[in-house]
Amino acid sequence: QVQLVESGGGLVQAGGSLKLSCLASGRTSSRYPMGWFRQAPGKEREFVAMISWNGGMTDYADFVKGRFTISRDNAKNTVYLQMNSLIPEDTAVYYCAGRSSYGSSNPHEYNFWGQGTQVTVSS
């Protein structure tokens, strides 16, 4: 079993930046492809970004391309989401999640999840 803990959320003004971290622990936690998702009040959970187990492949939702960057440091069992040029529409709870193979943006296909971290962007 793999446990995930997100951190780094907070309140930021529009145009600002935040860097989220997702610390994984448990069995072979560094070997899983990982994704970041977000969920705003009253909305469905949506895909933000994904990264392969070795960081060699990444993909992003269109609405964050050029603003967000996903990365990982397997020596630290940590996945990151650097968020720049934040806008109020980015306000949501952000979750990291893992699954056994790379390539899905469907949250229902991810096997383990963190508890989420709140990101609030003020205008």
Side-chain angles (χ1 to χ4, degrees):
Q1 191 67 295
V2 178
Q3 293 79 42
L4 303 176
V5 178
E6 301 95 334
S7 61
L11 174 64
V12 64
Q13 288 190 329
S17 298
L18 282 174
K19 187 173 185 177
L20 306 183
S21 299
C22 173
L23 176 63
S25 60
R27 187 169 146 183
T28 59
S29 56
S30 65
R31 289 285 178 170
Y32 290 96
M34 299 292 292
W36 284 97
F37 295 79
R38 69 186 188 185
Q39 189 166 17
K43 294 189 176 181
E44 304 234 334
R45 192 167 298 190
E46 62 181 356
F47 166 74
V48 174
M50 70 174 87
I51 189 166
S52 60
W53 75 269
N54 64 355
M57 293 185 290
T58 60
D59 197 11
Y60 298 88
D62 287 343
F63 54 78
V64 302
K65 282 182 180 175
R67 300 190 299 126
F68 292 9
T69 302
I70 189 171
S71 62
R72 68 191 298 162
D73 183 344
N74 285 344
K76 296 182 179 180
N77 290 330
T78 303
V79 177
Y80 304 98
L81 185 68
Q82 177 68 48
M83 306 187 295
N84 299 329
S85 302
L86 285 161
I87 59 178
E89 291 75 15
D90 293 321
T91 295
V93 177
Y94 284 71
Y95 299 89
C96 65
R99 66 189 302 266
S100 57
S101 60
Y102 177 80
S104 174
S105 61
N106 184 344
H108 300 289
E109 295 183 0
Y110 281 72
N111 305 113
F112 42 92
W113 292 81
Q115 83 290 346
T117 185
Q118 175 71 47
V119 171
T120 303
V121 184
S122 63
S123 57

### Heavy-atom closest pair, residues Val2 and Ala24
CG1-CB, 4.3 Å

### Task
Output yes when a side-chain donor or acceptor of Thr58 lies under 3.5 Å from a complementary backbone atom of Ile51, and no otherwise.
no

### Sidechain-backbone polar pair: Tyr60 side chain, Ile70 backbone, donor-acceptor under 3.5 Å
yes

### Summary
Correct closest heavy-atom pair for Val79 and Met34 would be CG2-CG, 3.7 Å

### Query
Atom CD of Glu89 and atom OG of Ser123: how far apart are they, to the nearest 0.5 Å?
9.0 Å

### Query
Is the backbone of Trp53 close enough, under 3.5 Å, to the side chain of Asn74 for a donor and an acceptor to pair up by distance?
yes

### Message
Could you see if Met50 belongs to whatever hydrophobic cluster contains Trp113? Use Ile, Leu, Val, Met, Phe, Trp, Tyr and a side-chain cutoff under 4.5 Å.
### Response
yes

### Message
Membership question, hydrophobic clusters at under 4.5 Å side-chain separation (ILVMFWY): are Phe47 and Leu81 in the same one?
### Response
no

### Query
Does Phe68 reach the side chain of Asp90, with side-chain heavy atoms less than 4.5 Å apart?
yes

### Query
Atom CZ of Phe37 and atom CD of Glu46: how far apart are they, to the nearest 0.5 Å?
10.0 Å

### Query
What closest approach, in Å, do Trp36 and Tyr80 show between heavy atoms, and which atom pair accounts for it?
NE1-O, 3.4 Å

### Query
So which heavy atom on Ala14 is nearest to which on Pro88, and how close?
CB-CD, 4.1 Å

### Arg72 side chain vs Ser52 backbone, donor-acceptor pair below 3.5 Å
yes

### Task
Test Cys96 against Leu4 for side chain to side chain contact (heavy atoms under 4.5 Å, CB included), laying out the working first.
CA-CA 7 Å; Cys96 65; Leu4 303 176; 3.8 Å; yes

### Task
Start with the C-alpha distance between Ile87 and Arg67, add both sets of side-chain angles, then the distance that settles side chain to side chain contact (heavy atoms under 4.5 Å, CB included), and finish with yes or no.
CA-CA 10 Å; Ile87 59 178; Arg67 300 190 299 126; 4.0 Å; yes

### Query
What distance do Thr78 atom OG1 and Leu20 atom CG have between them, rounded to the nearest 0.5 Å?
12.5 Å

### Message
Distance check, rounded to the nearest 0.5 Å: Asn84 atom CG versus Lys19 atom NZ?
### Response
10.5 Å

### Task
Consider only side-chain heavy atoms of I, L, V, M, F, W and Y, link residues closer than 4.5 Å, and tell whether Tyr32 and Val5 are in one cluster.
no

### Query
If two hydrophobic side chains count as joined below 4.5 Å and joins carry through other members, does Leu11 share a cluster with Met83?
no

### Task
Establish whether Leu18 and Tyr95 are linked, either directly or via other cluster members, by ILVMFWY side-chain heavy-atom contacts under 4.5 Å.
no

#### Entry: Side-chain donor/acceptor of Tyr110 to backbone N/O of Ser104, under 3.5 Å
yes

### Query
How many angstroms lie between CE in Met57 and OH in Tyr102, if you round to the nearest 0.5 Å?
5.5 Å

### Check: Glu6 side chain, Gly116 main-chain N or O, donor-acceptor pair, under 3.5 Å
yes

#### Entry: Distance in Å, Arg45 CZ paired with His108 NE2, rounded so as to fall on 0.5 Å steps
9.0 Å

### Task
Apply side chain to side chain contact (heavy atoms under 4.5 Å, CB included) to the pair Gln118 and Thr91, showing each step before the final yes or no.
CA-CA 8 Å; Gln118 175 71 47; Thr91 295; 4.0 Å; yes

